[in-house]
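Step one of this worksheet: look at the structure below.
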Number of protein chains: 2
Amino acid sequence: MKWDTLDEEPCSLSRTVAVVGDRWTLLILRECFLRVRRFEAFQSSLQITRHLLSERLKKLVRFGILRRVPYSETPKRYEYILTQKGLDLYPVIMAMVHWGDTHMGDERGRPLLHEHKTCGKLFDPVMVCSECGEVLHAKQVHVHAGPGRKEAVG
Amino acid sequence: MKWDTLDEEPCSLSRTVAVVGDRWTLLILRECFLRVRRFEAFQSSLQITRHLLSERLKKLVRFGILRRVPYSETPKRYEYILTQKGLDLYPVIMAMVHWGDTHMGDERGRPLLHEHKTCGKLFDPVMVCSECGEVLHAKQVHVHAGPGRKEAVG
DNA sequence: TTTGACAGTTCTATTTTGGAACTATAGCCT
DNA sequence: AGGCTATAGTTCCAAAATAGAACTGTCAAA
């Protein structure tokens, strides 16, 4: 597989993996959702090398997930803010957090608790069907080739 | 960061990333959800090197996401089947597929369409609050340190 | 004038990955 | 018996990605 063209594959998972499917990007995005915005802050909280952090931030900007916004003119300094496209990754992050809570926990209990401001309660994220609202399970889903697949396959 | 102990960090996202946060693992899991089970089948559909495929499958077995089940005695041959822990990754995969559908599409249309057998309709996966059922948005969620975090931090 | 904060870049060593060939077991065909 | 094929890997070397540390440049404050 050629990683440089993974975002053009006729598969939405491949295209997403092309963007967030490396060791650091998801952790950087976690920090973004925790309101981290600046180079030094990412670096010190993640212990990522400055080189890689710089690369990954550029990549996220290039894909339109972060915006690089000046917050000081002299000297020129920038911070990194989630775009709507970036904010839309929230379900991906939350799905992973929930799986980690469920299957990778230890005796210390959950690292973080999530409160839904709308209803005021601590919650778990649940994935449901957009049409009937039922909780989704892999075995109740049937997959069809869509137009993008048919055209790609022939 | 030390990748070999990422699964012990006091953060559920880190722990999940420790398992699925590399270039190949999510693509292998996609194939699992599409009912692929055998070494040769993974290899030919993903074009992953045999070496890496072997490594990744071992890792997924070690973490209890796949089971290695014999399907032939002479010669000994095995196939790889999702455990419940593996099936529970479905929301992660679906969240990524949905993000790809929404933000990484091209003029050809969606590669795959998903039908919910329960209601018979083509659907999108939606993440909701377990308590009130409302659709989740990052800005409506407040994060608290849980017991696992407090104990780890001090 | 020196120090420190911030946002990177540059350099080398180590690790991971890609690509191709090789091994091992066994069934099937002639 | 001898050779072909299928399956599930392992081995080896080259290429690419990552880690770790030092360095650059701008400006503010002491």
Side-chain angles (χ1 to χ4, degrees), chain A residues 1-7 9 14 17-29 31-32 35-63 66-82, chain B residues 1-7 9 14 17-29 31-32 35-63 66-82:
Chain A
M1 179 127 343
K2 1 63 207 125
W3 288 104
D4 44 333
T5 57
L6 193 60
D7 57 327
E9 291 277 303
S14 296
V17 167
V19 183
V20 303
D22 69 89
R23 285 224 192 24
W24 283 111
T25 299
L26 284 164
L27 296 176
I28 291 171
L29 288 168
E31 298 300 304
C32 292
R35 316 286 196 272
V36 170
R37 307 175 153 203
R38 297 187 184 178
F39 192 93
E40 296 294 320
F42 287 113
Q43 205 276 320
S44 73
S45 79
L46 291 173
Q47 296 296 100
I48 182 176
T49 63
R50 308 175 73 76
H51 180 69
L52 271 207
L53 176 57
S54 173
E55 281 239 327
R56 291 292 184 269
L57 290 173
K58 273 180 201 155
K59 180 178 168 183
L60 288 168
V61 169
R62 185 155 33 84
F63 275 113
L66 298 178
R67 247 175 324 139
R68 190 164 173 265
V69 179
Y71 71 90
S72 147
E73 281 303 320
T74 63
K76 271 277 189 191
R77 298 218 188 294
Y78 300 90
E79 54 189 11
Y80 297 88
I81 315 241
L82 286 164
Chain B
M1 179 128 344
K2 359 71 215 105
W3 288 102
D4 44 333
T5 58
L6 193 60
D7 57 328
E9 290 277 304
S14 297
V17 167
V19 183
V20 302
D22 68 89
R23 287 223 193 24
W24 283 112
T25 300
L26 283 165
L27 297 176
I28 291 171
L29 288 169
E31 297 299 305
C32 293
R35 316 287 197 272
V36 169
R37 306 176 153 203
R38 298 187 183 176
F39 192 92
E40 296 294 323
F42 287 112
Q43 204 276 321
S44 73
S45 79
L46 291 173
Q47 296 296 98
I48 182 176
T49 63
R50 309 175 73 77
H51 180 70
L52 272 205
L53 176 57
S54 174
E55 282 239 326
R56 292 292 183 268
L57 290 173
K58 274 181 201 154
K59 181 177 168 184
L60 288 168
V61 170
R62 184 155 34 83
F63 276 112
L66 297 178
R67 248 175 325 139
R68 189 161 174 268
V69 181
Y71 72 90
S72 147
E73 280 306 319
T74 62
K76 270 276 187 190
R77 299 219 187 289
Y78 299 90
E79 54 189 10
Y80 296 87
I81 316 244
L82 285 164

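First the proteins, then the strands, lettered A, B, ... as listed; each starts at 1.
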D:dT10 phosphate, OP1 or OP2, under 4.0 Å from B:S54 side-chain N/O:
yes
Test side-chain contact (heavy atoms from CB on, under 4.5 Å) on B:I28 and B:I48 and set out the steps.
CA-CA 9 Å; B:I28 291 171; B:I48 182 176; 4.3 Å; yes
What protein N or O atoms touch nucleotides 13-17 of chain C N or O atoms at under 3.5 angstrom, if any, and at what distances?
residue	atom	partner	partner atom	Å
C:dT17	OP1	B:R56	NH2	3.0
C:dT17	OP2	B:R56	NH2	3.1

Taking the six-membered ring of A:Y71 as reference, does the cationic atom of A:R38 (NZ for Lys, CZ for Arg) lie under 6.0 Å from its centre and within 45° of its axis?
yes
Tabulate atom names and distances for all N/O pairs under 3.5 angstrom spanning the protein and nucleotides 6-8 of chain D.
residue	atom	partner	partner atom	Å
D:dT7	O4'	B:R77	NE	3.4
D:dT7	O3'	B:Y71	OH	3.0
D:dT7	O2	B:R77	NH1	3.0
D:dT7	O2	B:R77	NH2	3.0
D:dA8	OP1	B:Y71	OH	2.7
D:dA8	OP1	B:Y78	O	3.4
D:dA8	OP2	B:E40	N	3.4
D:dA8	N7	B:E40	OE2	3.0
D:dA8	N7	B:R50	NH2	3.0

Please walk me through it: do A:D22 and A:R56 pass side-chain contact (heavy atoms from CB on, under 4.5 Å)?
CA-CA 10 Å; A:D22 69 89; A:R56 291 292 184 269; 2.7 Å; yes
Below 4.5 Å, heavy atoms only, C-beta onward: do B:R67 and B:Y80 meet side chain to side chain?
no
Measure from the side-chain N and O atoms of A:E79 to the backbone N and O of A:P70, and report whether any donor-acceptor pair falls under 3.5 Å.
no
Note the angle between the end axes of the helix from C:dT1-D:dA30 to C:dT30-D:dA1, five pairs defining each, rounded to 10 degrees.
10°
Can a salt bridge be assigned to the pair A:E40 and A:R50 using a cut-off of 4.0 Å between side-chain N and carboxylate O?
yes
State the CZ-CD distance between A:R62 and A:E55, to the nearest 0.5 angstrom.
8.5 Å
Step by step, work out the side-chain contact (heavy atoms from CB on, under 4.5 Å) result for A:V17 and A:W3.
CA-CA 10 Å; A:V17 167; A:W3 288 104; 4.1 Å; yes
